[in-house]
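Just so it is clear: chains get the letters A, B, ... in the order the sequence lines come, proteins before strands, and each one is counted from 1.
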Amino acid sequence: MLDFFNTFIKSAFIENMILSYFLGMCSYLAVSKSVKTATGLGLAVIFVQGITIPVNWLISEYLLVETGIFGIDLTFLRFILFIAVIASMVQLVEMVVEKVSPALYNSLGIFLPLITVNCAILGGSLFMISREYNFPNAVAFGLGGGMGWALAIIAIAAIREKIRYSNIPAPLQGLGIAFIITGLMGMAFMSLMGIDPAAFFKY
Amino acid sequence: MGLIRFFKKIEPDKTKHPFMHTLYDGFFSFVFVPNHTTSNGVHIRDGMDLKRLMTFVVIALIPAYLFGIYNIGHQHFIAMKEFPGFFEAANLKFFYGLIKIIPIFIVANVVGLGLEFYYAYKRGHNIEEGFLVTGALIPLIMPPDIPLWILALAVVFAVIIGKEAFGGTGMNIWNIALLTRMFVFFAYPTSITGDTVWVSGFETLKVGAAADYSWWHTGLLNTIFDWFGWLKFDPSGVIADGFSGATPLGIGAEGGWEGIVSRYPNGVSDLFWGKIPGSIGETSKPLIILGGIFLLVTRVASWRIMLGAVLGTALTAILLNFWGATPMMQIPWYYQFFIGSALFAIVFMATDPVTAASTNKGKWIYGFFIGFLAIVIRVLNPAYPEGWMLAIIFMNTLAPMIDYYTIQNHIKKRLKRA
């Protein structure tokens with residue numbers, strides 16, 4: 001249980017997907033112009049991340065390895081299967097969003113299906129493999145990673161809404177200032193780096 | 001009206017010398033309120049304009065400044081086990097501190113204001129007093145021995161990236177003074193985070209190291225002191241046996257509260273009055289509180305943020321008291337305000353109206369989380385000894401988000417009522 005919280009806090013704040021690994025930058029920069037759409041995308045990413053990582057954990061643990069159901073080493077199929085799981089999850093999210101909130105669907109545009117190729121999502125699944133998480137950890141990592149990503153995109157969207165009418169130098173308008181904001185946000189998130197929740201849960 | 005006539009006489013031509021005119025305008029509007037009026041659009045007329053606001057903050061900082069100057073000298077002589085009484089050799093201590101702080105102040109302000117003037121001219125707006133408070137705050141949050149070139153570099157970074165890129169005064173998202181310190185903190189950690197850099201005036205802080213006095217001390221000041229028959233700087237002074245330059249936070253991580261108290265001759269009262277090593281302006285608690293009261297009475301600073309931060313600090317520290325696993329967690333919660341830069345950050349840094357949350361409910365949340373995060377970083381994060389700067393920068397990042405959701409929440413409530 002403590003392990004679960006540890007991984008959750010770590011992946012949401014301390015090892016934030018965007019601000020310390022710079023994963024998922026494309027949609028982060030493109031969709032962060034208004035808080036409303038950013039919140040929508042953030043929720044979508046939490047959902048997709050939270051489902052795909054545990055599912056991928058199950059797949060790689062029970063199907064792909066030699067000790068699994070098929071009894072042969074299928075790890076070379078890892079990428080393709082992970083992508084397939086992610087794509088089907090995204091398809092599901094897309095259908096739900098289109099049905100529930102057509103306005104959000106329109107404002108997200110191409111970036112909703114593009115969650116499929118969002119590096120944070122695939123990166124999360126691959127981190128889960130390389131860090132050899134167990135199942136509860138994989139669930140925590142999926143939820144935490146998604147929430148960290150959502151927090152970062154909502155925060156930058158709020159900042160970009162605040163500076164919408166600022167007199168920003170012409171060459172920096174749009175993406176330029178977004179990159180500067182991202183860098184400074186990364187610096188701000190460094191304040192939590194070094195906290196090791198596991199060390200304190202021992203007491 | 002001699003002064004205004006003088007100003008009218010030296011006014012440079014706007015088209016021929018645009019840069020000179022910008023400079024002139026900056027100084028002119030500093031002395032006189034310009035009499036041209038805006039003719040279109042909605043605007044608020046208030047005697048409390050940006051300039052008065054900034055001036056009040058600077059006035060509130062003066063006590064901390066004077067004490068900081070004196071304390072640099074005091075700590076310097078403490079290291080040599082000379083003049084342990086606080087008011088002994090006051091002339092030496094005061095002028096020692098003055099020689100330390102003047103270059104820091106000049107570099108911070110010349111670089112910052114220079115950039116401000118340049119951008120005002122380049123981007124065609126009037127010079128705004130945005131740097132006035134920042135330039136006064138920066139020396140107070142630096143260790144006394146900060147190399148001046150690092151300081152200059154940090155100010156350039158903070159002003160250009162943190163402010164001008166965002167559109168100038170009042171548009172920045174992060175506190176400029178804290179960005180300056182943050183830059184030094186991450187780019188040149190050895191000159192700011194070490195445990196032993198806070199006592200000034202020695203090449204190294206080892207026992208037996210000699211005080212390095214320059215011509216200013218032994219030449220100029222000693223001659224002047226000689227005329228009055230005062231004490232003089234003694235160039236043969238060395239760091240005495242048993243000296244350690246560690247700051248209270250450095251000691252606290254190992255020895256807990258007892259370790260901190262036993263380190264200073266008068267225990268808690270030294271910590272309270274500020275006779276401890278630390279950043280220049282952060283040590284004296286009563287004088288910071290004095291400045292804080294002044295800011296509250298003049299309504300420059302928001303009491304919601306201050307109270308929120310105090311509550312956040314206290315609650316988090318009480319919770320950690322119950323946990324009590326490390327020596328740092330066992331420090332009684334009320335003493336968390338006595339060590340490090342807690343009060344200075346709450347009073348002068350967190351309340352910066354530009355970078356803080358601007359809705360009333362948002363201010364409570366903003367303040368509370370600053371206190372919470374600062375204590376979490378200070379106590380739970382082994383990587384950094386102190387958390388206030390990092391906590392405030394972190395909450396600056398989230399302040400627009402807090403505001404957005406506070407407003408949305410309010411709109412929803414009003415719609416329901418309608």
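- Atom CD1 of A:I80 sits in a sparse spot, with 12 or fewer heavy atoms from other residues, nucleotides or ligands closer than 6.0 Å.
- Of the two parts of A:I180, only the side chain, counted from C-beta on, holds a non-hydrogen atom closer than 4.5 Å to a non-hydrogen atom of chain B.
- In this structure, chain A has a heavy atom under 4.5 Å from the side chain of B:Y404, while its backbone stays farther away.
- When heavy atoms are compared at a cutoff of 4.5 Å, B:I161 approaches chain A by way of both its backbone and its side chain.
- Using a 4.5 Å cut-off between heavy atoms, B:L373 touches chain A through its side chain atoms alone.
- Proximity to chain B (any heavy atom under 4.5 Å) is shown, for A:I156, by neither the backbone nor the side chain.
- With a 4.5 Å cut-off on non-hydrogen atoms, A:I159 touches chain B through its backbone and its side chain both.
- Across B:M389, B:M395, B:M182, the residue that shares the most heavy-atom pairs under 4.5 angstrom with chain A is B:M182.
- Checking side-chain atoms of B:N321 against main-chain N and O of B:I331 turns up a donor-acceptor pair under 3.5 Å.
- With B:N396 as the fixed residue, the side-chain contact (heavy atoms from CB on, under 4.5 Å) test singles out one of B:D352, B:T355, B:L179, B:N172: B:T355.
- Panel note: side chain B:R123, backbone A:N167; a donor-acceptor pair is recorded below 3.5 Å.
- No more than 12 heavy-atom neighbours from other residues, nucleotides or ligands sit within 6.0 angstrom of CZ on B:F322.
- Using a 4.5 Å heavy-atom cutoff, the side chains of A:F189 and A:S20 are not in contact.
- When the candidates A:L184, A:I163, A:L151 are compared by the number of heavy-atom contacts under 4.5 Å with chain B, A:L184 comes out ahead.
- Formation of a donor-acceptor pair under 3.5 Å by the A:N16 side chain with backbone atoms of A:G148 is found in this model.
- Within the 4.5 angstrom heavy-atom criterion, only side-chain atoms of B:F186, from C-beta onward, approach chain A.
- Interface remark: B:E164 contributes backbone atoms only to the contact with chain A (heavy atom separation under 4.5 Å).
- Contacts between A:I154 and chain B at a heavy-atom distance below 4.5 Å involve backbone atoms as well as side-chain atoms.
- A donor-acceptor contact under 3.5 angstrom links the side chains of B:Y405 and A:T39, judged on distance only.
- Aromatic ring orientation, A:Y62 versus A:W57: perpendicular (interplanar angle above 60°, classes split at 30° and 60°).
- No other option in A:P169, A:S166, A:P171, A:G183 has as many heavy-atom pairs under 4.5 Å with chain B as A:P169.
- Top candidate by heavy-atom pairs under 4.5 Å with chain B, chosen from A:S191, A:A188, A:A158, is A:S191.
- Heavy atoms closer than 4.5 Å to chain B are found in the side chain of A:I177, but not in its backbone.
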